[in-house]
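Comments concern the structure below.
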Amino acid sequence: MSTYTAINLIARPAPGPIPANVFEVVKKDVPSVEDGQILVKQTHMSLDPAMIGWMNPDPESYIPPVALGDVMRSSGLGEVVESQNPGFAVGDRVMGMTGWSEYILSNGEGLRKVQPGLDAEMVLSVFALPGLTATQGLFGFGNPKPGETILISGAAGSVGSIVGQLAKAEGLDVIGVAGSDEKCKWLVNDLGFDGAINYKSDDIDAKIKELAPKGVDIYFENTGGPIQHHAIDNMNAHGRVVVCGMISDYAAETPSAGPNWIPIIKKRITIQGYAMPDHFPQLAELVGKLTPYVMQGKVKYRAHVLEGLESAIDGLNMLLTGGNNGKLIVKL
Ligand SMILES: NC(=O)c1ccc[n+]([C@@H]2O[C@H](COP(=O)([O-])OP(=O)(O)OC[C@H]3O[C@@H](n4cnc5c(N)ncnc54)[C@H](OP(=O)(O)O)[C@@H]3O)[C@@H](O)[C@H]2O)c1
């Protein structure tokens, strides 16, 4: 009987970088496929900041934590290699919550078929979580209007880069915040952002005032941290804050302090947090909204691809250090 590799979560990480010893690499026997089941060979796995939250035992989160001893949770894409399920044929490509595992035995529930011919990196970078999150956040909560100004933190990341391009296509002035000069140049020169701020080296407040002289109408929050206070300080009346992520706090010992609420009253600012599992029932609608922008060449992406299942262990930390240049993907 042949074997395959999977990676289990065996301990809860303390604040800070995620150590390799919270994971255990295991060998398993490739299972036999029974009636109604399929065997999927995973080819591409997505690494997402949310996974850092899923390792913590917070019972109040939007999704239960990964249980200790279970395969680490993740989404991914693979190919059906055996099928005893009439809904799937050998050779079909499918995506869903696959986990850190080379093979997945499934009854097909929760797996979506991937259109033949679509590049796997593009699927995970655009049509999976990043593009859907960007579409829901911007259009569902941002209420963007042509001529307005949007400020986006984590702008060179997989979600932020799509938010900015969709907003640009809608006629907004788009300012991105990112953690390196290279990322800032990519936003302006390749993606067409109107301006970019390096939060590690620029005076954030002065730069927002310079790049957004009319003030900020929408703040798309992916990171939290010091950027948030400057964003709120520079917002216009009736501005919207779309709270998508707070990565600067995910591995922090103490969460950063929130902004003063007085300007929120004075400027009548709306603040909306959201989590995509609530919106999965609207998946087809979101894909339908996003697709025309992609077809018109208005959404570019870059994938940062690591090789081999075990590269996920260190790879996860790249999301915390900004080491990823684009959507972080593990190719198996
Ligand atoms: N609400 C939802 O349903 C939902 C769904 C998907 C994603 N999200 C959230 O959206 C955010 C972006 O996710 P993504 O998949 O697009 O990840 P990503 O932006 O591709 O990667 C994470 C990036 O965050 C930045 N970062 C890390 N630590 C930071 C810090 N202390 N301060 C500022 N920036 C920091 C780094 O870029 P720099 O080099 O620029 O620092 C890093 O590359 C995350 O917070 C994630 O949790 C939410």
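These numbers come from the heavy atoms of this one structure, side chains and all, not from hydrogens, waters or symmetry mates. Both counts, for ligands and for their atoms, begin at 1 and track the order of listing.
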Legend entry - Closest protein heavy atom to atom 3 (O) of ligand 1, given as residue, atom name and distance to 0.1 Å: M276 N, 2.8 Å
Legend entry - For atom 26 (N) of ligand 1, the protein heavy atom that lies nearest, with its residue and separation: I247 CG2, 3.5 Å
Inset, instruction - With heavy atoms under 4.0 Å as the rule, classify the contact between K327 and ligand 1 as side chain, backbone, both or neither. - result: neither
Legend entry - Polar contact flag for G245 and ligand 1 (N/O pairs, less than 3.5 Å): no
Inset, instruction - Just do the salt bridge (Lys or Arg N to Asp or Glu O under 4.0 Å) check on K207 and E210 with the steps written out, would you? - result: CA-CA 5 Å; K207 205 74 184 164; E210 176 197 324; 3.8 Å; yes
Inset, instruction - Report yes if Y199 has an N/O atom closer than 3.5 Å to an N/O atom of ligand 1; otherwise report no. - result: yes
Legend entry - atom 23 (C) of ligand 1 [closest protein heavy-atom partner, distance rounded to 0.1 Å]: L319 O, 3.8 Å
Legend entry - CA sep, side-chain torsions, deciding dist, call: D205, K209, salt bridge (Lys or Arg N to Asp or Glu O under 4.0 Å): CA-CA 6 Å; D205 187 61; K209 287 185 165 61; 3.1 Å; yes
Inset, instruction - Using distance alone, determine whether C244 and ligand 1 share an N or O pair under 3.5 Å. - result: yes
Inset, instruction - Compute the shortest N/O to N/O distance between K200 and ligand 1 and return yes if it is under 3.5 Å, no if not. - result: no
Inset, instruction - Among L111, V33, N85, find the residue that satisfies the side-chain contact (heavy atoms from CB on, under 4.5 Å) test when tested with S106. - result: L111
Inset, instruction - Write out the residue and atom name of the closest protein heavy atom to atom 31 (N) of ligand 1, then the distance separating them to 0.1 Å. - result: S248 CB, 3.1 Å
Legend entry - Under the side chain to side chain donor-acceptor pair (under 3.5 Å) test, residues paired with K168 that sit two or more places apart: D194
Inset, instruction - Could you tell me whether some N/O pair between V159 and ligand 1 is separated by less than 3.5 angstrom? - result: yes
Legend entry - N or O contact, D48 vs ligand 1, cut-off under 3.5 Å: no
Inset, instruction - Can you figure out which of P226, G157, A156 has its heavy atom closest to atom 19 (O) of ligand 1? - result: G157
Legend entry - Whether S161 side chain and A155 backbone form a donor-acceptor pair below 3.5 Å: no
Legend entry - Side-chain (D217) to main-chain (T149) donor-acceptor, under 3.5 angstrom: yes
